[in-house]
A.B. asks: 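Quick one: the structure is below, and I'll ask about it shortly.
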Amino acid sequence: HPVQTRYCEAQEMKRFMVDSLDVPAEKIIMEPHARHTTTNIRNANRIIYRNHMPDKMPVLGVSSESHIAYIASPRFDKVCNRDLGYLPFDGMKRLAPEQVEYYPTRRSLQVNALEPLDP
């Protein structure tokens, strides 16, 4: 949810899934706090661990082709290390133009007390 935007992307995506794809609302776990892809992956990992989901199975990421190209690039690794101090994933792999998979890491559970947006 980037600063000063009118809408929360996660809420809008959930609304689309419920209204257009008939996904039951109670089956959707939403991560509405991230402001960037780095924190979105970190927060999604926290949801995985807190809900005791298997962390030995890959997480599927779906986005636009250009965004996936960025996520699967060494540049994104550098941004994660700069912004978080670690990579919140292992084995980032592009599966298709609009899909990646990765494995969550427990490093994502580290809370940065100096970061006001770290939920």
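As the structure is a computational prediction, the values presented were derived from the model and not from experiment. For this chain, numbers begin at 1 and follow the sequence in order.
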A.B. asks: How many angstroms lie between atom OG of Ser108 and atom CD1 of Ile47, to the nearest 0.5 angstrom?
C.D. replies: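 The OG atom of Ser108 sits 11.0 Å away from the CD1 atom of Ile47.
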
A.B. asks: What's the separation between atom CZ in Arg42 and atom OG1 in Thr105, rounded to the nearest 0.5 Å?
C.D. replies: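 Interatomic distance, Arg42 CZ to Thr105 OG1, rounded to 0.5 Å: 11.5 Å.
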
A.B. asks: Do Thr39 and His36 have side chains that get closer than 4.5 Å, going by heavy atoms?
C.D. replies: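 Side-chain contact under 4.5 Å: yes.
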
A.B. asks: Identify, with sequence neighbours excluded, every residue that meets side-chain contact (heavy atoms from CB on, under 4.5 Å) alongside Val79.
C.D. replies: Thr38, Tyr70, Arg82, Asp83

A.B. asks: Does Gln110 offer a backbone N or O that forms a donor-acceptor pair with the side chain of Arg46 under 3.5 Å?
C.D. replies: yes

A.B. asks: Can you name the closest pair of heavy atoms from Pro104 and Asn45 and give their distance?
C.D. replies: CB-OD1, 3.3 Å

A.B. asks: Under 3.5 Å, side-chain donor or acceptor atoms of residues 84-99 against the rest of the protein: list the pairs with distances, not counting sequence neighbours.
C.D. replies:
from, atom 1, to, atom 2, distance (Å)
Tyr86, OH, Arg107, O, 3.4
Arg94, NE, Ala96, O, 3.4
Arg94, NH2, Glu65, O, 3.4
Arg94, NH2, Pro97, O, 2.9

A.B. asks: Between OG1 of Thr37 and CD1 of Ile71, what distance do you get to the nearest 0.5 Å?
C.D. replies: 5.0 Å

A.B. asks: For the atom pair NZ (Lys27) and NZ (Lys14), what is the distance rounded to the nearest 0.5 Å?
C.D. replies: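 Lys27 NZ to Lys14 NZ: 12.5 Å, rounded to 0.5 Å.
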
A.B. asks: Nearest 0.5 Å, please: how far is CE in Met17 from CE in Met30?
C.D. replies: 11.5 Å

A.B. asks: Report the C-alpha distance between Asp55 and Tyr103 in whole Å, list the side-chain angles of each, state the deciding distance to 0.1 Å, and finish with yes or no for side chain to side chain contact (heavy atoms under 4.5 Å, CB included).
C.D. replies: CA-CA 7 Å; Asp55 62 352; Tyr103 293 87; over 6 Å; no

A.B. asks: Do you know the tightest heavy-atom contact between Val100 and Ala72?
C.D. replies: CG1-CB, 4.1 Å

A.B. asks: Hey, any chance Val59 and Tyr49 share a hydrophobic cluster, counting ILVMFWY side chains that come within less than 4.5 Å of each other, even indirectly?
C.D. replies: no

A.B. asks: For the residue pair Ile41 and Tyr102, establish whether any side-chain heavy-atom pair is separated by less than 4.5 Å.
C.D. replies: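 Ile41 reaches Tyr102 side chain to side chain.
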
A.B. asks: For the CD atom of Gln11 and the CD1 atom of Ile28, what is their distance to the nearest 0.5 Å?
C.D. replies: 12.0 Å

A.B. asks: Are Ile29 and Ile48 linked, directly or through other ILVMFWY residues, by side chains that come within less than 4.5 angstrom of each other?
C.D. replies: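 Yes; tracing contacts between hydrophobic side chains, which count when under 4.5 Å, links both residues.
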
A.B. asks: Under 4.5 Å between side-chain heavy atoms, hopping through other hydrophobics if needed: is there a path connecting Ile68 to Val62?
C.D. replies: no

